[in-house]
Asker: 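A single structure is presented below for examination.
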Amino acid sequence: VQLQASGGGSVQAGESLTLSCAGAGFSLSDHSLGWFRRAPGKEREHVASINWSGHLTHYGDFVKGRFTMSRDNDKVRLQMNSLEPEDTGVYYCAADRLTRGGTYTSATNFDYWGQGTQVTVSS
């Protein structure tokens with residue numbers, strides 16, 4: 001099972017990026033999904049999660065309304081607006097191997113991980 005994340009890049013503060021994640025050999029449909037990030041020198045942290053149906057989402061406190069996570073069948077997206085230099089890091093998508101789960105904030109709830117996509121925000 002592989003998850004493929006894409007959409008990272010280098011932007012200026014205040015700009016936007018949209019990250020995408022798709023499954024290779026694994027359908028994301030009906031699985032809880034999450035985005036995590038690891039900033040340089042910091043621990044991995046939860047960014048956003050969405051439940052199996054797409055009706056529920058949960059965001060890290062630092063998001064403050066700037067990010068929106070959405071899904072459609074076999075793809076999940078993270079729309080990131082008003083990016084700040086503190087958002088710099090490697091972003092990972094993750095999936096729960098079980099179906100019909102909720103919005104999880106702990107990495108231990110996720111079984112499959114993407115390779116990560118780099119987001120760099122300059123001031």
Side-chain angles (χ1 to χ4, degrees):
V1 174
Q2 286 186 327
L3 301 182
Q4 296 175 336
S6 61
S10 296
V11 297
Q12 296 290 316
E15 294 184 340
S16 301
L17 280 174
T18 299
L19 306 184
S20 296
C21 180
F26 176 75
S27 173
L28 300 184
S29 181
D30 292 340
H31 293 265
S32 295
L33 304 169
W35 286 98
F36 290 77
R37 72 183 187 185
R38 187 187 297 275
K42 294 186 178 181
E43 297 290 319
R44 179 175 56 187
E45 65 178 336
H46 170 257
V47 178
S49 297
I50 194 165
N51 78 324
W52 71 275
S53 68
H55 292 136
L56 297 174
T57 53
H58 186 91
Y59 298 94
D61 290 340
F62 65 88
V63 170
K64 299 179 181 178
R66 300 179 297 129
F67 299 176
T68 302
M69 186 174 183
S70 61
R71 65 184 303 163
D72 60 83
N73 293 330
D74 280 345
K75 185 167 287 187
V76 62
R77 293 179 177 82
L78 183 67
Q79 171 69 41
M80 304 187 294
N81 299 325
S82 302
L83 284 162
E84 303 168 351
E86 292 74 22
D87 295 316
T88 294
V90 180
Y91 284 68
Y92 301 89
C93 60
D96 178 10
R97 66 180 177 84
L98 301 177
T99 58
R100 298 181 176 261
T103 53
Y104 305 125
T105 60
S106 172
T108 59
N109 289 113
F110 297 95
D111 303 286
Y112 306 131
W113 292 81
Q115 82 286 4
T117 184
Q118 175 71 43
V119 172
T120 303
V121 185
S122 302
S123 58

Asker: Which residues pass the ring pair (Phe, Tyr, Trp, His ring centres under 6.0 Å) test with Tyr92, not counting sequence neighbours?
Answerer: none
Asker: Using a 3.5 Å distance criterion without hydrogens, assess whether the side chain of Ser32 forms a donor-acceptor pair with backbone atoms of Gly102.
Answerer: yes
Asker: Go through the side-chain N and O atoms of Ser106 and Thr108 and say whether any donor and acceptor fall under 3.5 Å apart.
Answerer: yes
Asker: Can you sort out the partners of Trp52 under ring pair (Phe, Tyr, Trp, His ring centres under 6.0 Å), two or more places apart, ordered by chain and number?
Answerer: none
Asker: According to the interplanar angle, ranging from 0 to 90°, do the rings of Tyr104 and Phe110 count as parallel (below 30°), tilted (30 to 60°) or perpendicular (above 60°)?
Answerer: perpendicular
Asker: Hey, what do you get for OG1 (Thr117) to CD (Gln4), rounding to the nearest 0.5 Å?
Answerer: 12.0 Å
Asker: So which heavy atom on Ser123 is nearest to which on Gln12, and how close?
Answerer: O-OE1, 3.6 Å
Asker: Of all residues at least two apart in sequence or in a different chain, which pass the salt bridge (charged side-chain N to carboxylate O under 4.0 Å, His left out) check with Asp72?
Answerer: Arg77
Asker: Is the side chain of His31 donor-acceptor paired with the backbone N or O of Arg100 at a distance under 3.5 Å, no angle test?
Answerer: no
Asker: Should side-chain heavy atoms under 4.5 Å link Ile, Leu, Val, Met, Phe, Trp and Tyr, which residues sit in the same cluster as Leu19?
Answerer: Val1, Leu3, Val11, Leu17, Phe26, Leu28, Leu33, Trp35, Val47, Ile50, Tyr59, Phe62, Val63, Phe67, Met69, Val76, Leu78, Met80, Leu83, Tyr91, Tyr112, Val119, Val121
Asker: For Thr18, enumerate each residue passing the side chain to side chain donor-acceptor pair (under 3.5 Å) test, keeping only those at least two apart in sequence or located in another chain.
Answerer: Gln79
Asker: Run the side chain to side chain donor-acceptor pair (under 3.5 Å) test against Ser16 and tell me which residues pass, sequence neighbours left out.
Answerer: Asn81
Asker: Do any N or O atoms from the side chain of Gln115 and from the backbone of Ala5 form a donor-acceptor pair under 3.5 angstrom?
Answerer: yes
Asker: For residues 5-24, pull every pair meeting salt bridge (Lys or Arg N to Asp or Glu O under 4.0 Å), keeping only residues two or more places apart or in separate chains.
Answerer: none
Asker: According to disulfide (SG to SG under 2.5 Å), does anything in residues 35-85 pair up with another residue at least two apart or in another chain? List the pairs.
Answerer: none
Asker: Test: disulfide (SG to SG under 2.5 Å). Region: residues 60-100. Which pairs qualify, not counting sequence neighbours?
Answerer: Cys21-Cys93
Asker: Report the relative orientation of the aromatic rings in His46 and Phe36; use parallel for angles under 30°, tilted for 30 to 60°, perpendicular for over 60°.
Answerer: perpendicular
Asker: Can you tell me how far the OG atom of Ser53 sits from the CZ atom of Arg71, to the nearest 0.5 Å?
Answerer: 7.5 Å
Asker: Could you walk me through whether Ser29 and Asp74 pass the side-chain contact (heavy atoms from CB on, under 4.5 Å) test, one step at a time?
Answerer: CA-CA 6 Å; Ser29 181; Asp74 280 345; 4.0 Å; yes
Asker: For Thr120, check side chain to side chain donor-acceptor pair (under 3.5 Å) against everything at least two apart and list the hits.
Answerer: Gln118
Asker: Considering residues, nucleotides and ligands other than Arg97, do more than 12 of their heavy atoms fall under 6.0 Å from its CZ?
Answerer: no
Asker: Can you list every pair that meets salt bridge (Lys or Arg N to Asp or Glu O under 4.0 Å) and has a residue in residues 17-40, with sequence neighbours left out?
Answerer: Arg37-Glu45, Arg37-Asp87
Asker: Can you list the residues that meet the side chain to side chain donor-acceptor pair (under 3.5 Å) rule with Asp111, with sequence neighbours excluded?
Answerer: none
